[in-house]
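It should be emphasised that the depicted structure is a prediction, and the values quoted were computed from it without experimental measurement. For the single chain, residues carry numbers from 1 onward in sequence order.
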Amino acid sequence: MIDAKMYALGDEPSAIRELFAYGMQRKAEIGAHNVFDYSIGNPSIPAPALVRDTILELMEEDPVTLHAYTPAAGDPSVRQTIADAISRRFGVIATPGQLYLTPGAAAALAISLKAVTNPGDEVIVISPFFPEYSTWIAMCGCVRVEVPAQVPSFQLDVPAIEAAITPKTSAIIINSPNNPVGAVYTRQNLEELAAMLLRKEEELGHPIYLVSDEPYREITYGKEVPYVPTLYPRTIVCNSYSKSLSLPGERIGYIYVADAMDDAREVITAVAGAGRALGYICAPTLLQRVIARCVDEPSDVAAYAENRALLTDGLAKLGYEYVEPDGAFYLWVKALEDDAQAFSDRAKDYELLLVPSDSFGVGGWVRLSYCIAHDTIERSLPAFAALKESYQEV
Ligand code: PLP
């Protein structure tokens, strides 16, 4: 018999993917040049040359071993390289045994949540949030508890998170730099969160896991992105190279269960179990090897910074309201009517593809992915002007 919950998840449209699919169809109809597609977070800059060079070099190796299975958690030497990079960069002692390689951050999040929750537990998310969190929380049979971010800073509202914690709370997901608002949580904000969580753990007598979703860690515009495990030991880092190395389709990332956690061994064992149960064993071997070579490659954020400047200046001049992003490559823009879906639908008349905010847990906004060609942004500004005018005519 079909699992009704899984059917519902399969049947439920993803606003982002639906708009992306609409965009593909529209581009086929009127030409890609004429569609201003702000729907999906596909990096617009190429992967570093070292990725290509490494793949070409690897092609010369013995294909039998090159394409073979690795241990479920990933090749030990690759995990050692990543652990060394974490230790070097963030001043922690990271060991390979605390790493589990995954096909992207999505798998890392699904595994981590499965590892540290039981059905009926509560998982706190900060709204607006990445819509897929709802899917993974539902998959675990848990309850999603939404806590709005502070407005207008979109920092964590620590007193509100504290008020939302109950004896059933097992995990909190945070995401900085943030999709969709571009906020980067400050050190002080994270320190306040950590102090509160330590107090609540003591009070409740059970662990509260902080799941730190970090695929945008490298994409910032000058702001510090503190390393969460240095502030709160019970942190599970979920990271990927999808955005930092522009490899979203290659599906490679990792879970790092902080060594400093007092139950680190138990948690990484549960992570291994969840990875096994969900079928996420042995992340793509070729990509594991590529990452080992490219672990210190810097992300090229200059193009995103230029896009950000062009888009925010352009929209500000037109009188749009938006949240100034400090990281990632998304702009959170106030819809010109309360119904974000209706606004997004009207934007389509101007060939603007803007994701409505409802599936991110709030109404009245749209998300623009500005990881697109600079020239597309430039050419889209008259369409934004016409969209705005259409509201003034009414
Ligand atoms: N978390 C956030 C906030 C994201 O925006 C994304 C992808 O866009 C993911 C997780 C999933 O990343 P990956 O493609 O590495 O699975």
Side-chain angles (χ1 to χ4, degrees), residues 98 100 102 105-149 156-176 178-179 185 189-190 192-215 227-240 253-275 277-278 280 360-361:
Q98 292 301 117
Y100 191 95
T102 61
L109 286 154
I111 293 171
S112 300
L113 288 174
K114 189 77 186 139
V116 298
T117 62
N118 285 284
D121 285 357
E122 292 171 1
V123 176
I124 294 178
V125 297
I126 311 302
S127 57
F129 53 84
F130 181 55
E132 289 308 297
Y133 295 164
S134 306
T135 308
W136 301 318
I137 293 169
M139 181 267 296
C140 295
C142 293
V143 177
R144 186 190 69 220
V145 175
E146 296 173 28
V147 176
L156 298 166
D157 186 341
V158 176
I161 298 172
E162 179 164 11
I165 292 176
T166 75
K168 288 189 166 178
T169 307
S170 55
I172 300 178
I173 308 176
I174 59 169
N175 169 227
S176 173
N178 183 267
N179 173 9
Y185 301 146
N189 193 222
L190 289 167
E192 281 167 19
L193 175 74
M196 182 276 285
L197 290 180
L198 288 171
R199 202 173 60 243
K200 289 307 269 189
E201 280 196 332
E202 186 83 31
E203 193 183 305
L204 294 170
H206 70 75
I208 301 174
Y209 295 94
L210 190 55
V211 177
S212 184
D213 179 20
E214 307 195 346
Y227 199 55
V228 185
T230 61
L231 304 173
Y232 185 67
R234 212 177 300 286
T235 298
I236 304 175
V237 175
C238 295
N239 206 342
S240 76
Y254 65 81
I255 296 168
Y256 171 53
V257 175
D259 283 83
M261 196 183 298
D262 56 16
D263 55 350
R265 289 293 294 276
E266 288 85 347
V267 175
I268 194 68
T269 305
V271 160
L278 294 170
Y280 290 132
F360 295 85

Review point. Which atom pair, heavy atoms only, marks the closest approach of Ala108 to Ser112?
Key: O-OG, 2.7 Å

Exercise for review: Verify, without hydrogens or angle tests, whether Asp157 (side chain) and Ala149 (backbone) share a donor-acceptor contact under 3.5 angstrom.
Suggested key: no

Check your understanding: Quick one: does His206's side chain have a donor or acceptor within less than 3.5 Å of a partner on Glu201's backbone?
Key -> no

Check your understanding: Distance from Ile255 atom CD1 to Thr102 atom OG1, nearest 0.5 Å?
Key -> 5.5 Å

Check your understanding: CD/Glu122 to CD1/Ile172 distance, rounded to the nearest 0.5 angstrom?
Key -> 11.0 Å

Review point. Would you say the side chain of Thr169 lies within less than 4.5 Å of the side chain of Val145, judging by non-hydrogen atoms?
Key: no

Practice item. Decide yes or no on side chain to side chain contact (heavy atoms under 4.5 Å, CB included) for Ile161 and Ile126, but give the supporting numbers first. Key: CA-CA 9 Å; Ile161 298 172; Ile126 311 302; 3.7 Å; yes

Practice item. Determine the interplanar angle of the Trp136 and Phe130 rings, folded into 0 to 90°, and report it as parallel if under 30°, tilted if 30 to 60°, perpendicular if over 60°. Key: tilted

Review point. Stepwise, does the side chain to side chain donor-acceptor pair (under 3.5 Å) test hold for Glu132 with Thr135?
Key: CA-CA 5 Å; Glu132 289 308 297; Thr135 308; 3.3 Å; yes

**Study point:** Distance in Å, Leu198 CG paired with Ile208 CD1, rounded so as to fall on 0.5 Å steps
**Key:** 9.0 Å

**Study point:** Considering all heavy atoms, the nearest Gly361-Glu146 contact
**Key:** O-OE1, 3.7 Å

Check your understanding: Passes side chain to side chain contact (heavy atoms under 4.5 Å, CB included), Asp213 versus Tyr133? Steps please.
Key -> CA-CA 10 Å; Asp213 179 20; Tyr133 295 164; 2.5 Å; yes

Check your understanding: Is a donor on one side and an acceptor on the other found under 3.5 Å between the side chain of Thr166 and the backbone of Lys168?
Key -> yes

Check your understanding: If you round to the nearest 0.5 Å, how far is OG of Ser127 from CZ of Phe360?
Key -> 12.0 Å

Practice item. For Gln98 and Ala264, indicate whether the former's side chain and the latter's backbone hold a donor-acceptor pair under 3.5 Å. Key: yes

Study note, to complete from the structure: Rounding to 0.5 Å, atoms CG (Leu156) and CG (Leu193) come to a distance of 5.5 Å

Point to revise | Pairwise side-chain contact, Val123 with Ile173, heavy-atom cut-off 4.5 Å (strictly under) | key: yes

Exercise for review: Kindly indicate, with the supporting measurements, whether the criterion salt bridge (Lys or Arg N to Asp or Glu O under 4.0 Å) is fulfilled by Lys200 and Glu203.
Suggested key: CA-CA 5 Å; Lys200 289 307 269 189; Glu203 193 183 305; 3.2 Å; yes

Check your understanding: Is there side-chain contact between Tyr232 and Leu190, with heavy atoms separated by less than 4.5 Å?
Key -> no

Check your understanding: Are any of the side-chain heavy atoms of Arg234 and Asp263 separated by less than 4.5 Å?
Key -> yes

Review point. Just wondering, do Val228 and Val237 contact through their side chains at under 4.5 Å, heavy atoms?
Key: no

Review point. Taking Ser176 for the side chain and Tyr185 for the main chain, is one N or O donor matched with an acceptor at less than 3.5 Å?
Key: yes

Review point. Shortest non-hydrogen contact from Pro233 to Ala258?
Key: O-CB, 3.4 Å

**Study point:** Side chains of Cys238 and Val211 in contact at under 4.5 Å (non-hydrogen atoms)
**Key:** yes

Review point. What is the minimum heavy-atom distance between Tyr280 and Tyr100, and which atoms define it?
Key: O-OH, 2.8 Å

**Study point:** Heavy-atom side-chain proximity of Asn189 to Val158 below 4.5 angstrom
**Key:** yes

Exercise for review: Begin from the C-alpha positions of Phe129 and Ser134 and carry the test side chain to side chain contact (heavy atoms under 4.5 Å, CB included) through to its verdict.
Suggested key: CA-CA 9 Å; Phe129 53 84; Ser134 306; 3.4 Å; yes

Point to revise | Least distance between heavy atoms, Ala194 atom then Leu231 atom | key: CB-O, 3.4 Å

Review point. Run the side chain to side chain contact (heavy atoms under 4.5 Å, CB included) check on Val147 and Val125 step by step: do they pass?
Key: CA-CA 6 Å; Val147 176; Val125 297; over 6 Å; no

Review point. Out of curiosity, Ser212 OG to Asn175 CG, how far, rounded to the nearest 0.5 Å?
Key: 8.0 Å

Check your understanding: Tell me, do Ile137 and Leu113 make a side-chain contact under 4.5 Å, heavy atoms counted?
Key -> yes

Check your understanding: Is there a donor-acceptor pair under 3.5 Å between the side chain of Asn239 and the backbone N or O of Tyr254?
Key -> no

